[in-house]
Amino acid sequence: MNEFVLIPTKSQIRLNTFAEGLLSKFAHDLELRCIGLSGTATREQGEQASPGVAGTATISVPLSGIEVTGTVHGTRINFEGLSAKDRRDCLEKMRHDVFHTDESGVIRIEVTLRDGNAQVRIVPPKGKTVELSTQVNVHEESGTVIGKGTLELSLMAIGSDVVKGPMNSFRVKDRVVLHFDVAFAPK
C-alpha cells in the first residue's frame, strides 16, 4: 500500500450556502473556504491514478480554518460583500448553530474510494456522523495525487439547528454544497 500526506497549500474545500424564506432576497448566499486542512491517504499497491484507483483518505478540517470568501450572486463571488464584523458573525453563528462548539472543533472526513466512487463519512466535532456517496475525479500530476468533486450535505443530518436571521426573516437552506480539490504527495 502506498501512503500519502495532504498538501495544505494545494488543497481546499469550499462550501456554498443558500438563503430561503420571506426576506431571503435581502440575505446572502455565501461561499466559505476551509483552509489549514491536514490528512493522509493510502492507495492500494499496484494501482495507478485512473478511474480504477482504490484507496482511503482522512482529512481534518479545523473550524478555526473556515473563513467567509464572500457573497455569491449567480456564478460571481463578491469578495467585499460583507464587512469584517458580518464575516465574524457568520462564522460564530456557524460554529454555534451548526457545530455546537467553538473554533477549537475539528471536522473529520473519512473517504473510501473505488473506481471513482467515494463513500464519505463526515464526523462533526459534536453532532451526528453522516455517510454519503459521490463521484471523485482522481488524477496524478508529477507524483501528486489530486481528487476533485462535489457533494451535497444536509445540515440537519449532522445535527445542526436551523440557521436563521434576525426575527426569522430568512433561513439557511438545509442543503449546502461542498466542492473539494485535495492534493496528496507521497509520504
Side-chain angles (χ1 to χ4, degrees), residues 11-39 57-79 81-112 117-136 147-182:
S11 300
Q12 73 171 336
I13 297 173
R14 294 178 295 116
L15 297 121
N16 292 103
T17 67
F18 309 95
E20 67 180 358
L22 183 62
L23 299 177
S24 63
K25 295 234 184 258
F26 301 106
H28 300 287
D29 293 343
L30 298 177
E31 179 175 286
L32 293 94
R33 182 172 68 130
C34 306
I35 58 173
L37 307 174
S38 62
T58 301
I59 300 170
S60 294
V61 181
L63 293 183
S64 62
I66 298 177
E67 57 188 32
V68 178
T69 306
T71 58
V72 178
H73 304 279
T75 59
R76 202 176 40 105
I77 298 173
N78 180 354
F79 297 97
L82 295 173
S83 69
K85 180 187 180 316
D86 288 341
R87 289 171 189 263
R88 283 191 306 274
D89 290 348
C90 286
L91 294 173
E92 182 59 35
K93 190 167 211 38
M94 180 242 349
R95 291 179 192 121
H96 181 268
D97 293 354
V98 176
F99 297 109
H100 310 290
T101 190
D102 59 21
E103 67 181 18
S104 67
V106 176
I107 304 161
R108 192 174 71 244
I109 302 170
E110 301 167 351
V111 181
T112 302
N117 297 307
Q119 291 302 117
V120 180
R121 286 184 80 223
I122 298 177
V123 183
K126 295 185 179 177
K128 304 172 193 168
T129 297
V130 174
E131 295 193 23
L132 306 163
S133 297
T134 192
Q135 296 290 306
V136 179
K148 294 182 181 185
T150 302
L151 62 90
E152 285 191 16
L153 173 67
S154 161
L155 294 177
M156 299 300 261
I158 63 169
S160 174
D161 295 337
V162 175
V163 181
K164 52 190 172 188
M167 298 184 303
N168 203 20
S169 56
F170 69 89
R171 293 174 305 286
V172 173
K173 281 187 181 180
D174 179 46
R175 291 278 205 220
V176 296
V177 178
L178 287 86
H179 305 274
F180 55 91
D181 185 348
V182 291

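Position 1 is the first residue of the sequence, and the numbers go up from there.
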[atom1]-[atom2] distance between [X] and [Y], expressed to the nearest 0.5 angstrom:
| X | Y | atom1 | atom2 | answer |
| --- | --- | --- | --- | --- |
| Asp97 | Asp161 | CG | CG | 5.5 Å |
| Glu92 | Lys85 | CD | NZ | 11.0 Å |
| Cys90 | Glu67 | SG | CD | 13.0 Å |
| Ile109 | Ile122 | CD1 | CD1 | 5.5 Å |
| Lys173 | Leu155 | NZ | CG | 12.5 Å |
| Asp174 | Glu152 | CG | CD | 10.0 Å |

Between [Y] and [X], is there a side-chain heavy-atom distance shorter than 4.5 Å?
| X | Y | result |
| --- | --- | --- |
| Leu91 | Leu32 | yes |
| Glu103 | Arg95 | yes |
| Asp181 | Arg14 | no |
| Val163 | Met94 | no |
| Phe18 | Val172 | no |
| Phe180 | Val111 | no |
| Met156 | Val162 | yes |
| Cys34 | Gln12 | no |

Checklist line | Atom NE2 of His96: over 12 foreign heavy atoms under 6.0 Å | finding: no
Next item on the list: Compare every heavy atom of Asp102 with every heavy atom of Leu63, then report the nearest pair and how far apart it is.
Entry: CD1-O, 3.5 Å
Notebook entry, point to check: Which pair of non-hydrogen atoms, one from Pro125 and one from Gly105, has the smallest distance, and what is that distance?
Noted result: CB-CA, 4.1 Å
Next item on the list: For Thr150, enumerate each residue passing the side-chain hydrogen bond (donor to acceptor under 3.5 Å, both in side chains) test, keeping only those at least two apart in sequence or located in another chain.
Entry: His179
Checklist line | With Leu30, the side chain to side chain contact (heavy atoms under 4.5 Å, CB included) member among Thr17, Val72, Asn16, Leu15 | finding: Thr17
Margin query: Ser11: which residues meet the side chain to side chain contact (heavy atoms under 4.5 Å, CB included) condition with it, sequence neighbours left out?
Written below: Leu6, Leu37, Val182, Ala183
Next item on the list: Could I get the full list of side chain to side chain contact (heavy atoms under 4.5 Å, CB included) partners for Val106, not counting sequence neighbours?
Entry: Ser60
Check: Are any side-chain N or O atoms of His28 and backbone N or O atoms of Leu82, one a donor and one an acceptor, separated by less than 3.5 Å?
Finding: no
Margin query: Taking Thr69's backbone N and O only, do any of them form a donor-acceptor pair with Arg33's side chain (distance below 3.5 Å, no angle check)?
Written below: no
Next item on the list: Could you walk me through whether Gln135 and Asn117 pass the side-chain contact (heavy atoms from CB on, under 4.5 Å) test, one step at a time?
Entry: CA-CA 5 Å; Gln135 296 290 306; Asn117 297 307; 2.2 Å; yes
